[in-house]
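Take a look at the structure below.
Chain A is the first sequence line, chain B the second, and so forth, proteins listed ahead of strands; every chain is numbered from 1.
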Amino acid sequence: MKEITIVINGQSQQVAKATKVIDLLAALGHAEQGMALAINQNIISRSEWPDHVLQDGDDIALFQAIAGG
Amino acid sequence: MLTIADKTFSSRLFTGTGKFSDKKSMVDALAASGSQLVTMALKRVDMQNRDDDILAPLIANGMNLLPNTSGARTAKEAVFAAKLAREALQTNWVKLEIHPDPKYLLPDPIETLTAAEELAREGFVVLPYVHADPVLCKRLEEVGCAAVMPLGAPIGSNKGIRTQDFLEIIIEQANVPVVVDAGIGSPSHAALAMELGADAVLVNTAIAVAGDPVAMSRAFAMAVASGRMAYEAGLAGQVQQAVASSPLTAFLEGA
């Protein structure tokens with residue numbers, strides 16, 4: 001199996017096995033600034049992004065800073 | 001100068017980034033306000049529609065960021081939101097706001113106190129948005145909040161300082177800065193809050209939806225500075241009866 005299935009904000013997606021968080025964000029075209037994410041309800045801190053490997057079935061919640069009062 | 005936790009501010013006008021018609025208008029207005037602390041919110045990324053990146057220009061303008069926990073309805077959600085915001089914006093500052101009721105957006109005091117205690121214990125600089133409740137503000141101070149942010153009127157209502165008597169008690173009792181947040185609809189409202197002795201005000205809607213947000217930002221900056229100056233100068237007291245400002249010398253009698 002070369003690909004795994006993950007869910008990002010409710011959308012199912014195939015990514016290569018051994019994809020890291022930082023690779024995923026780059027593939028999605030997101031700047032790292034202003035982003036945060038949780039995998040299976042656990043927040044993955046920025047310092048872990050280069051090393052954290054996604055697993056099959058991971059439920060990823062991706063957040064970003066926006067305008068607000 | 002105003003100091004909150006580890007930061008010092010020369011401007012006592014804090015601003016929100018919401019409700020501006022576009023990014024340029026927001027950046028220009030915030031720059032004109034002289035504000036050094038601006039609030040931001042967090043949302044789940046919409047995988048179809050990208051939101052404008054407003055963060056880069058704020059950072060480029062040297063703004064300190066104050067993420068809020070808007071959208072949280074419980075202490076647990078607010079703590080989670082604060083931790084996400086810390087990752088997203090790389091700051092341990094948080095405007096703690098928990099308002100489960102969308103009609104009046106009034107803050108839940110019990111959930112707020114619970115979340116404040118946990119976040120302060122975990123090293124966050126917590127600025128809680130609360131009703132103008134002097135007892136609650138003391139409790140929040142005791143659990144380690146860096147400031148308190150009592151409301152003047154409901155969020156976005158522009159009704160002004162409707163909680164004046166209670167704000168006065170909060171200001172009198174507080175050992176942490178008091179930032180009047182929500183309801184400030186005009187520069188005169190901001191000036192009043194500052195004259196009462198508030199350490200700062202937080203304004204968003206009144207600037208963002210003004211006909212000319214840049215000019216309104218300047219008006220607010222002047223009002224806040226003016227109100228603070230008046231407070232520091234020591235306002236003259238009020239009395240019921242007239243007290244003559246000119247000497248009553250009866251010089252026309254018998255003329």
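In this structure, B:P187 and B:M216 have side chains that are in contact, with non-hydrogen atoms separated by less than 4.5 Å.
Note that CG of B:N64 and CG of B:L58 are 11.0 Å apart. Values are rounded to the nearest 0.5 Å. The distance from atom CD1 of B:I161 to atom OG of B:S188, rounded to the nearest 0.5 Å, is 9.0 Å. To the nearest 0.5 Å, atom CD of residue A:E3 and atom CD of residue A:Q13 are 10.0 Å apart. A distance of 11.0 Å separates SG in B:C137 from NE2 in B:H131, rounded to the nearest 0.5 Å. The CG atom of B:L151 sits 11.5 Å away from the CG atom of B:L202 when rounded to the nearest 0.5 Å.
When the candidates B:G16, B:G18, B:A88 are compared by the number of heavy-atom contacts under 4.5 Å with chain A, B:A88 comes out ahead. Options A:I44, A:L62, A:L28 differ in how many heavy-atom pairs under 4.5 Å they form with chain B, and the most are formed by A:L62. Between chain B and the options A:A38, A:G10, A:G29, A:S47, heavy-atom pairs under 4.5 Å are most frequent for A:G29. For chain A, the option among B:R44, B:K23, B:K83 with the highest count of heavy-atom pairs below 4.5 Å is B:R44.
For residues 92-106 of chain B, a heavy-atom distance under 4.5 Å to chain A picks out B:K95, B:E97, given by residue number.
Only the side chain of A:Q11 comes within contact range of chain B, judged by heavy atoms closer than 4.5 Å. Residue B:L66: no heavy atom, backbone or side chain, is found under 4.5 Å from chain A. For chain A, the nearby part of B:I54 is the side chain; its heavy atoms alone come within less than 4.5 Å. For B:A56, the parts sitting under 4.5 Å from any heavy atom of chain A are the backbone and the side chain alike. Heavy atoms closer than 4.5 Å to chain A are found nowhere in B:F14, neither backbone nor side chain. Interface residue B:M47: only side-chain heavy atoms are found under 4.5 Å from chain A.
B:S35 and B:T15 are linked by a side-chain donor-acceptor pair at a separation below 3.5 angstrom, with hydrogens and angles left out of the test.
Contact check on B:E111 versus B:K76 returns no salt bridge, with no Lys/Arg side-chain nitrogen under 4.0 Å from an Asp/Glu carboxylate oxygen.
Residue B:L140 is tested with B:L127, B:V148, B:V126 for a side-chain contact (heavy atoms from CB on, under 4.5 Å); the sole match is B:V148. Partner of A:D58 under the side-chain contact (heavy atoms from CB on, under 4.5 Å) criterion, out of A:V21, A:L24, A:I39: A:I39 alone.
Around the CZ atom of B:F166, the shell of radius 6.0 Å holds no more than 12 heavy atoms that belong to other residues, nucleotides or ligands.
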